Amino acid sequence: MWVYEKKLQYPVKVSSCNPQLAKFLVEQYGGADGELAAALRYLNQRYTIPDKVVGLLNDIGTEEFAHLEMIAAMIYKLTKDATPDQLKQAGLADHYVNHGEALFYSNAAEVPFTATYIQAKGDPIADLYEDIAAEEKARATYQWIIDMSDDVDLNDSLRFLREREIVHSQRFREAVEILKEERDRKKVF
Amino acid sequence: MAKNQVYTKSYHPYHSPDDPCPDPGEKHYSTPPHLYMGFQPEKLPQFSPKEALQKGTLWPALYDPYEKNQKLKG
Amino acid sequence: MPKTLPKEYYSMLEEIQAIDFAITELNLYLDTHPEDQDAYKQLTELSEEKKKLLKPFEQKFGSIRADGIDDHWTWSKAPWPWQV
Ligand SMILES: [Fe+2]
């Protein structure tokens, strides 16, 4: 089960009403390397990974939901008071006719989220390498969104999220070492 | 903190005389600190909780600042 | 519309976020370093500190968790985290 805390993991501020940026950010909401994919990927892999690393998948998967909420908060703030005309100018007309002002799990190009983004091989090493790759891809996506954005406040929160991908990648790499059972042996020397 | 050269690498792609865009020079890519850490050693120095939140990690050894357009500027 | 939140809300919240973040970092670290007693001790100390910070914040601004202790039901009242 999960318990909700009524706060964001990191403060989200945006400096202007900018639906165009919201359109880019949707990539990390419902895109292939986005936060939803990350959360679902890790939590689903928990069931077929050795007990020693279940906790890590569980806890990183849980943190990804906190990141998903931050991305949603950014999109919400960037679009909430925008007029339909502003949304149209930002390239969000197609989104608007289908979803109005609602958020939707799709990527930046409006392709709906699909379970095929999330691999599960049932082989612990294959799955952890997939997770490491996913973290690096998410890190890269944050870099490219920061490159596209002139919003100083938003970029501050995006930098936080990029750094989290580095820490997650580090932990998944350690999980691989744990499964190789090299770590305990090294301690003996 | 200045851009961390250690965790940014660069290369210069071949520029053809017929390439329409001006040669931007070096292209940069990230090789963040976790790629070099191996299994994290115990008792590494830590940021204070406030600073850790601001940086996105508790450990300076894992911190990798990213500048807008780092790809171009390194 | 609920009243605009005072500056104090943000500063008090950020203190909780900072402690909570250190807890998250230690939690992930301990998942791969279960033998590190110092890190575990630090985690438990931070959890105590979080409890201390939560009390005055929740009294002023309402519960952060639905099972938070308050003198009346504040949990489901706006603003929500993405609105503040
Ligand atoms: Fe992640």
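Every chain is numbered from 1, with letters handed out A, B, ... down the list of sequences. Everything quoted here is computed from the prediction, not taken from an experiment. Quick note: numbers below take in every heavy atom, side chains included, and nothing from hydrogens, waters or symmetry partners.
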Problem set entry | Nearest-0.5 Å distance that lies between atom OG1 in Thr74(C) and atom NZ in Lys6(A) | 6.5 Å
For this session: May I ask you to check whether over 12 heavy atoms, not counting those of Phe104(A), lie within 6.0 Å of atom CZ?
Result: yes
Problem set entry | Region of Glu69(A) in contact with chain C, defined by heavy-atom distances below 4.5 Å | side chain
For this session: State, to 0.1 Å, how close Val84(C) and Lys77(A) come at their nearest heavy-atom pair, and which atoms those are.
Result: O-NZ, 2.5 Å
Exercise. Should we say atom NZ of Lys60(C) is surrounded by more than 12 heavy atoms from elsewhere, each under 6.0 Å from it?
Worked result: no
For this session: Kindly compute the distance separating NZ (Lys80(A)) from CH2 (Trp82(C)), expressed to the nearest 0.5 Å.
Result: 13.0 Å
Problem set entry | Ion pair Glu5(A)/Lys50(C), N-O distance below 4.0 Å | yes
Problem set entry | Close side-chain approach of Arg171(A) and His33(C), heavy atoms under 4.5 Å | yes
Exercise. Checking Phe172(A) against chain C: side chain, backbone, both or neither under 4.5 Å from a heavy atom?
Worked result: neither
Seminar exercise, completed: Of the listed Val53(A), Leu56(A), Val167(A), Asn58(A), the one with the largest count of heavy-atom pairs under 4.5 Å with chain C is Leu56(A)
Problem set entry | Residues that Gln45(A) engages under side chain to side chain donor-acceptor pair (under 3.5 Å), provided they are two or more places apart | Asp131(A)
Exercise. Closest heavy-atom contact between Asp31(C) and Gly55(A)?
Worked result: OD2-O, 3.4 Å
Exercise. Chain A contacts: which residues in residues 14-28 of chain C have a non-hydrogen atom closer than 4.5 Å to it?
Worked result: Glu14(C), Ile16(C), Gln17(C), Asp20(C), Phe21(C), Thr24(C), Glu25(C), Asn27(C), Leu28(C)
Exercise. Does CE in Met148(A) sit with more than 12 non-hydrogen atoms of other residues, nucleotides or ligands closer than 6.0 Å?
Worked result: no
For this session: Verify the neighbour count for atom OH of Tyr40(C): are there more than 12 heavy atoms of other residues, nucleotides or ligands below 6.0 Å?
Result: no
For this session: Would you please classify the geometry between the Trp80(C) ring and the Tyr4(A) ring as parallel, tilted or perpendicular, with 30° and 60° separating the classes?
Result: tilted
Problem set entry | Inter-residue atom distance Tyr10(C).OH - Lys13(A).NZ, 0.5 Å rounding | 8.5 Å
Exercise. Should we count CG of Asp51(A) as having more than 12 external heavy atoms under 6.0 Å?
Worked result: no
For this session: Under 4.5 Å heavy-atom distance to chain C, tell me which part of Gln9(A) shows up: side chain, backbone, both or neither.
Result: both
